[in-house]
Amino acid sequence: MHDPRVLLDPATDAVRKLARRGFHLDTTALEKLLSGRNAAIQRGDESRAESKRLASAVKGASPEERPALVERAREMKATITLADEEQKVLDAELQELLLGIPNLPADELPDGASDEDAEQVRTWGEPQHFDFTALDHVDLGEKLGILDLQRATKLSGPRFAVLKGKGAALERAIARFLLDVHTDRHGYTEWSVPALVTRATMTGTGQLPKFEQDLFRTEVADRELFLIPTAEVPLTNLHAKETLATEDLPLAYTAHTPCFRSEAGSYGRDTRGLIRVHEFSKVELVRFVEPERSRAELEVLVGHAEAVMQELGLAYRVVRLAAGDIGFSAEATYDIEVWLPSQNRYREISSISDFGTFQARRAGIRTKSKDGTRGFAATLNGSGLPIGRTLVAILEQGQQPDGSVKIPEALVPYTGFSELR
RNA sequence: GGAAGCGUGGCAGAGCGGCCGAAUGCACUCGCCUUGAAAGCGAGAGUCCCGAAAGGGUCCGGGGGUUCGAAUCCCUCCGCUUCCGCCA
C-alpha cells in the first residue's frame with residue numbers, strides 16, 4: 001500500500017509510473033478523499049479536546065453552573081460522533097482506493113506488458129540440443145514409472161500430480177538440498193509455517209483484496225481461511241504489526257511449504273504435467289531489509305537462486321520483467337528461466353522481486369533505528385526453488401539417449417542414487 | 001466442545017469512575033562520578049493520527065454500551081492459562 005501523501009507528491013511521478021503498467025491513477029479523487037478525511041479527523045479531535053475541558057469543568061463547577069455545562073458536554077458528544085462517523089466512512093473509502101493501487105514499477109524496467117517484453121540479463125550453462133528426440137518430463141516420468149498423472153486426476157481432478165518411488169524420493173531430496181544450501185551457505189533461517197492463513201494475512205502481502213479468484217478458500221462454520229499460494233505470505237507476515245530494529249536487518253528467512261493456486265484464467269496453458277498444477281511445493285526465500293538497500297538486496301537474492309541452479313548444473317537465463325508484467329506488489333522482478341529441451345526454450349522457474357516498502361505498509365512491518373528514526377522495512381522474496389519445476393528441469397536436461405536420467409552430482413548425497421532408469 | 005481464571009507500556013507488576021498516559025522494579029538513552037567498568041546519583045524516554053509549527057487527539061486484548069467524565073462499571077468477541085471431553 002502506498003502512502004497517499006507520497007503518491008500525490010509530484011516528485012514521486014506516480015501517474016507516469018503507474019501508467020507504465022496500465023494503471024490510471026485518479027489523483028483528484030485521492031486528493032479529495034485524503035483532505036476530507038483529514039478535515040474530519042481535525043474536527044473530531046477539536047471536539048474531543050473541548051469535551052475533555054468541559055468534563056473537568058463539571059467536576060469543579062458549582063451546583064448552579066453544573067447543569068449548563070453538562071448540557072454543553074452532551075451536545076459536544078453529538079458533534080464528536082458525527083465527525084467520527086464521517087471520518088470512518090472517508091477512511092474506508094480511502095483505504096479501499098489505496099489497496100487497489102499497485103506498486104510503482106522501477107524506472108530501469110523495460111517497457112511492455114508481457115513476458116515477451118522481458119529483457120535478457122545473462123545466461124548460464126549451455127542449452128542442450130540433443131541428437132536424439134528430447135522427451136518432455138511427462139513422457140520421461142511415465143516411462144520411468146515415477147510420475148502418475150492419471151491417478152492424480154482420479155484423486156483430485158486435473159492439474160494435480162502424483163509421484164512414486166524414486167520420483168517422490170527425488171522431490172524430497174531436492175527440497176532438502178535447497179534448504180541446506182540456503183541455510184548453511186546463504187545464511188537463511190528456516191521456518192515451518194502454516195499453509196492456511198487469514199484474510200488479513202493475505203491482504204498484508206497483497207494477494208487480497210484484488211486477487212481472491214487466484215486462491216483456494218476454505219470455510220468451516222464461520223471461519224474462513226485461505227491456502228497459501230507461496231510461503232512468501234506466511235514468512236513475510238511473520239513480522240506483520242511488528243517493529244524491527246534496523247541493526248537486526250537484513251533478516252533472511254526460508255521455508256519449504258506446499259503452495260496452492262487456483263490457476264483461474266490459465267485454461268489450456270501448460271495442461272500437461274507438473275509445470276502448472278494446483279498444488280506444488282516450493283522453497284521460498286524472503287528478506288527484510290532497509291529500504292535504501294532493497295535494490296542491492298534484489299541482486300543478492302537473485303544470486304542465491306542462481307547459486308542453486310548452478311549447483312544443480314541447470315542451464316538457465318535471467319530476465320528482467322517489463323514494467324507492465326510484474327506482480328501487483330512488486331517494484332522490480334527478475335525471472336530465472338530454465339532451459340527445457342522438449343520445448344526448445346526457456347521457461348520460468350523462479351521469480352525474484354523487490355517490493356520496496358509496499359508490503360510492509362500493508363502488513364505494518366515497521367523499523368526503528370538506534371537513533372529512534374522510524375520507518376517501514378523493505379521486503380523481497382524469490383523462489384529458491386519450486387520443487388516440481390526443478391524436477392521437470394532435472395528430468396529434461398538430464399535425459400540420456402536410452403531414456404534414463406542422470407541426477408545432478410549435488411543431489412546424489414540426498415537421493416542415494418545417481419540415475420533414474 | 002464444557003468449566004474456571006486471566007488479558008495494563010520492551011519485560012515484570014500496581015492501579016478508589018475524575019488528581020491515570022498510567023506507580024514501582026528491571027531493561028534502555030544521556031550526563032555526573034570512575035584510570036576503565038560495576039555500583040551510586042541526576043535527567044530523559046512509549047505508540048499512532050491530524051497539524052508547516054505551536055499544539056491537539058488516540059491507545060490499558062478487539063468492538064460496543066452506561067456516564068458530563070471509564071484502565072476502572074456493563075455487554076460481546078478474541079486470545080492465553082488450568083481442569084474435563086475429543087483427537088493426529
Side-chain angles (χ1 to χ4, degrees), chain A residues 1-11 30-99 192-204 218-226 234 237-249 251 257-258 288 357 360-377:
Chain A
M1 186 161 62
H2 293 287
D3 176 346
R5 268 181 251 267
V6 172
L7 211 54
L8 288 168
D9 184 344
L30 185 58
E31 220 154 320
K32 211 175 133 196
L33 269 178
L34 183 64
S35 61
R37 178 196 76 133
N38 290 355
I41 289 175
Q42 193 88 256
R43 247 179 301 136
D45 284 356
E46 276 161 16
S47 312
R48 244 184 300 274
E50 174 64 12
S51 161
K52 279 171 115 174
R53 278 192 291 273
L54 287 168
S56 48
V58 167
K59 198 188 166 210
S62 66
E64 299 85 62
E65 29 187 46
R66 204 184 159 90
L69 283 170
V70 168
E71 183 51 36
R72 273 183 63 201
R74 282 218 177 92
E75 284 163 14
M76 198 45 66
K77 217 169 118 181
T79 316
I80 294 170
T81 309
L82 219 67
D84 280 356
E85 269 162 16
E86 189 183 340
Q87 188 217 325
K88 231 168 151 177
V89 170
L90 292 173
D91 216 21
E93 279 177 41
L94 180 65
Q95 201 74 276
E96 197 190 327
L97 181 68
L98 287 171
L99 281 175
S192 174
V193 290
L196 283 166
V197 300
T198 61
R199 180 171 283 273
T201 299
M202 282 292 183
T203 306
T218 68
E219 206 173 336
V220 177
D222 58 347
R223 190 158 179 215
E224 174 193 63
L225 290 168
F226 294 87
N237 281 289
L238 280 172
H239 291 302
K241 298 188 171 72
E242 290 184 13
T243 301
L244 306 171
T246 50
E247 63 263 32
D248 291 341
L249 303 179
L251 294 173
T257 68
F288 299 80
T357 56
R361 284 183 183 284
R362 292 184 156 232
I365 305 167
R366 299 169 179 280
T367 60
K368 187 178 184 181
S369 63
K370 266 250 155 78
D371 66 14
T373 314
R374 298 188 151 270
F376 288 96

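Everything numeric here is computed off the predicted structure, so don't read it as measured data. Every chain is numbered from 1 and lettered A, B, ... according to where its sequence line falls, protein lines coming before strand lines.
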Say we look at [N] and [M]: how far apart would their [atom1] atoms be, to the nearest angstrom?
| N | M | atom1 | value |
| --- | --- | --- | --- |
| C75(B) | C84(B) | P | 29 Å |
| U76(B) | U66(B) | P | 16 Å |
| A23(B) | A12(B) | C1' | 14 Å |
| G62(B) | C78(B) | P | 15 Å |
| G17(B) | A54(B) | P | 38 Å |
| G18(B) | G69(B) | P | 14 Å |
| C87(B) | C48(B) | P | 48 Å |
| A45(B) | G55(B) | P | 14 Å |

Sugar-phosphate, base or nothing in reach of R53(A), heavy atoms under 4.0 Å: nothing

Sugar-phosphate only, base, or nothing, as touched by R5(A) at under 4.0 Å among non-hydrogen atoms: sugar-phosphate

Derivation and outcome, side chain to side chain contact (heavy atoms under 4.5 Å, CB included), residues L225(A) and T198(A): CA-CA 5 Å; L225(A) 290 168; T198(A) 61; 4.0 Å; yes

Neighbour count above 12 (heavy atom, 6.0 Å) for E96(A) CD: no

Please list, one pair per line, the donor and acceptor atoms closer than 3.5 Å that link side chains of residues 68-83 of chain A to other protein atoms, with sequence neighbours excluded.
residue, atom, partner, partner atom, Å
R72(A), NH2, E50(A), OE2, 3.1
T79(A), OG1, E75(A), O, 3.2
T81(A), OG1, K77(A), O, 2.8

If I take atom [atom1] in residue [X] and atom [atom2] in nucleotide [N], what distance separates them, rounded to the nearest angstrom?
| X | N | atom1 | atom2 | answer |
| --- | --- | --- | --- | --- |
| R43(A) | U58(B) | CZ | P | 17 Å |
| E247(A) | U29(B) | CD | P | 11 Å |
| L94(A) | C50(B) | CG | P | 10 Å |
| L90(A) | C49(B) | CG | P | 18 Å |

Counting only Watson-Crick pairs (N1-N3 plus N6-O4 or O6-N4) and G-U wobbles (N1-O2, O6-N3), all under 3.5 Å, who is the partner of [N]?
| N | answer |
| --- | --- |
| C59(B) | G46(B) |
| C32(B) | G40(B) |
| C68(B) | G18(B) |
| C87(B) | none |
| G9(B) | none |

Short side-chain N/O contact to G56(B) OP1/OP2 from R48(A), under 4.0 Å: no

From [atom1] ([X]) to [atom2] ([Y]), nearest 0.5 Å:
| X | Y | atom1 | atom2 | value |
| --- | --- | --- | --- | --- |
| T201(A) | F226(A) | OG1 | CZ | 10.5 Å |
| N38(A) | L90(A) | CG | CG | 9.5 Å |
| T246(A) | R374(A) | OG1 | CZ | 10.5 Å |

Residue pairs passing the salt bridge (charged side-chain N to carboxylate O under 4.0 Å, His left out) test where at least one lies in residues 83-92 of chain A, sequence neighbours excluded: R37(A)-D91(A), R43(A)-E86(A), R48(A)-D84(A)

Closest nucleotide among [options] to the [X] side chain:
| X | options | result |
| --- | --- | --- |
| A49(A) | G57(B), C49(B), U47(B) | G57(B) |
| Q42(A) | G51(B), C49(B), G57(B) | G51(B) |
| K368(A) | G51(B), U47(B), G56(B) | U47(B) |
| N38(A) | C48(B), G57(B), C50(B) | C50(B) |

Comparing E50(A) and A39(A) on RNA chain B - which has the more 5′ nearest nucleotide: A39(A)

Any donor-acceptor N/O pair under 3.5 Å between G57(B) base and D45(A) side chain: no

Sugar-phosphate or base contact per nucleotide [nucleotides 59-79 of chain B; S, B, -; heavy atom under 4.0 Å]: -----S--BBS----------

Working for side chain to side chain contact (heavy atoms under 4.5 Å, CB included), residues N237(A) and V197(A): CA-CA 10 Å; N237(A) 281 289; V197(A) 300; over 6 Å; no

